[in-house]
Structure formats: C-alpha cells, structure tokens
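Let me begin by presenting the structure, written as structure tokens, before commenting on it.
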Amino acid sequence: MNVFHRWCAVTLLMVCSGCTKAGMSEARRDHILAGDHGWIDITVHAPASAPATGAGAKACALSYLINGETLLSESAELSGPDENKMPVGYRFAAPAGALKTALVLSHCVGEERMIELPLTLEKDHLATLLFDGKSLVLQQSTPYDPATLDSVRAEINKLHDGETRASGALSTLTWLAMAILVLNLAAFLYMFVRMFLRRRHPPGER
C-alpha cells in the first residue's frame, strides 16, 4: 500500500471515528497499541433463535469481551448467513497473548447469550472470527500491518529523506557539470588566443 492510499485510509478512519459507539475509548485503544497487540475481525450473523429480519425483528445489542473487559459494544440489525445482505462485521485492536474472549448478544434474543472462544492472538496478526448464528469460530490468523498515523508519518519522512538525498546528489552533479563546462571553455579560449597570437607573430619574427 503506497503512502497516498495509507493516508486516505487513515483520514477515513479519523473522520469516521465517531460514527459508531464502540466500547473502547481512544485512550484505551492507544494504550493497547503501545504494547504487544494484534487485531480481531469478527463477522456476526443473526442468532438462530432471533426473529427473521423485517416486521417484528429487533436490532441486536452485541459486545465483545476480552478477559472480562468490553472492547466492543454495538447495536446492529443482523441477517442470517443465507440472506442476500451485507454481513455485519467489526475490526478492533486487542492485546496479544492467550485470551478469554466472548461474544454477548441481547435484545434480539429471548435471553442474553454469551458465546465463549478461547483465543491466542499473535502479535501483529489479524484473527478472523465468524459467528454463523450458532457457534463462534476462528477462521484464520494472518500477519497484519494496518495503516496508522505513525506508519504514514514514517513513510512520509522516509520519502522526504530520499528526496533530500536525491536533491543533494543532483545539486552536486549540476555543479560538477558547470565546473567541467567552465574548464572546457577556458581551455578553448586559451587555445584560441594562442593560435591567434601565433598567426599574428609567426615563429622567427621579431
């Protein structure tokens, strides 16, 4: 991902940071990002016991707990895995290591449901989870390098340093070319003056 795309992604994240009411504050998120951490991406379908979407259907209140702490708190109208609708999903940072995690659903079900999933989150990895309406599973864990303000700033500084070095090298080459040109011109003038003097005063003349 180049710097422009990373900058666009970070800008979008900053603009939309207040669009949802997540359970994690910016201060808590920054603290997690400062230590060893990974990322969780969870896709959630409607619980099997929830009413079908449409009339009478209720939005689900969902939260995700890690070691008893709520890091995600949302409300959404969930659809079944077979429905032709965009699935609901979320991505958030979490501490790396062995975690006790749980998805909690309420409002759209008769009784609150808690689906637990022991999870080992590797540092700088993205754990992709899926709740299909019945069970919560880990689909895959892959290396992940998200766009952040720090990474964008580092890449911009790297490009700036490269441009500065290239500009310095170009300036040096320009001065060398000018010096060579001046030396060639001086040599040409010297030869021209010498030939002119020799023609006006051939050898042997006094």
> Is there side-chain contact between P143 and H125, with heavy atoms separated by less than 4.5 Å?
Replying inline: yes
>> Walk me through whether I180 and M178 qualify under side chain to side chain contact (heavy atoms under 4.5 Å, CB included).
In response: CA-CA 5 Å; I180 292 173; M178 291 179 64; over 6 Å; no
> So do the side chains of S63 and E74 get within less than 4.5 Å of each other, counting heavy atoms only?
Replying inline: no
>> With a 6.0 Å cut-off (strictly less than), is the heavy-atom count around CD of Q139, excluding the residue itself, greater than 12?
In response: yes
> Distance from L103 atom CG to L62 atom CG, nearest 0.5 Å?
Replying inline: 6.5 Å
> So, does D132 use its side chain to make a donor-acceptor pair with the main chain of S135 at under 3.5 Å?
Replying inline: yes
>> Pair T101, Y64 - check side chain to side chain donor-acceptor pair (under 3.5 Å), show working.
In response: CA-CA 7 Å; T101 77; Y64 205 87; 2.8 Å; yes
> With ILVMFWY side chains joined below 4.5 Å, transitively, what does M114's cluster contain besides itself?
Replying inline: L65, V104
> Any idea which heavy atoms bring A93 and W39 closest together, and the distance?
Replying inline: N-CE3, 3.5 Å
>> Are D124 and D36 packed together at the side-chain level, in the sense that at least one heavy-atom pair is separated by less than 4.5 angstrom?
In response: no
> Out of curiosity, S141 OG to E122 CD, how far, rounded to the nearest 0.5 Å?
Replying inline: 4.5 Å
> Is the CD atom of E112 crowded by more than 12 outside heavy atoms at less than 6.0 Å?
Replying inline: yes
>> Tell me if a side-chain donor or acceptor on N67 pairs with a main-chain N or O of K100 at a distance below 3.5 Å.
In response: yes
> Linking Ile, Leu, Val, Met, Phe, Trp and Tyr by side-chain heavy atoms under 4.5 Å, what else ends up with V137?
Replying inline: L130
>> In the structure I gave you, are the side-chain heavy atoms of I40 and I66 within less than 4.5 Å of one another anywhere?
In response: yes
> So how far is it from K134 NZ to I115 CD1, rounded to the nearest 0.5 Å?
Replying inline: 13.5 Å
> Hey, are the side chains of L78 and P47 touching, using non-hydrogen atoms and a 4.5 Å cut-off?
Replying inline: yes
>> I need the F131 CZ to L105 CG distance, nearest 0.5 Å.
In response: 5.5 Å
> How long is the gap from CD on Q140 to OG1 on T128, to the nearest 0.5 Å?
Replying inline: 4.5 Å
>> Testing the basics here: between P87 and H45, what is the closest heavy-atom pair and its distance to 0.1 Å?
In response: CB-CE1, 4.0 Å
> Is the shortest heavy-atom distance from the side chain of L136 to the side chain of L129 under 4.5 Å?
Replying inline: yes
>> Between E69 and M24, is the side chain to side chain contact (heavy atoms under 4.5 Å, CB included) condition met? List the steps.
In response: CA-CA 9 Å; E69 178 185 0; M24 192 189 317; over 6 Å; no
>> To check you understand the geometry: which heavy-atom pair defines the closest contact between L121 and P95, and what is its length?
In response: CD2-O, 3.5 Å
> Within a strict 4.5 Å, meaning less than it, do heavy atoms of the C60 and H107 side chains meet?
Replying inline: no
> Can you name the residues that form a side chain to side chain donor-acceptor pair (under 3.5 Å) with R91, not counting sequence neighbours?
Replying inline: D41, Y144
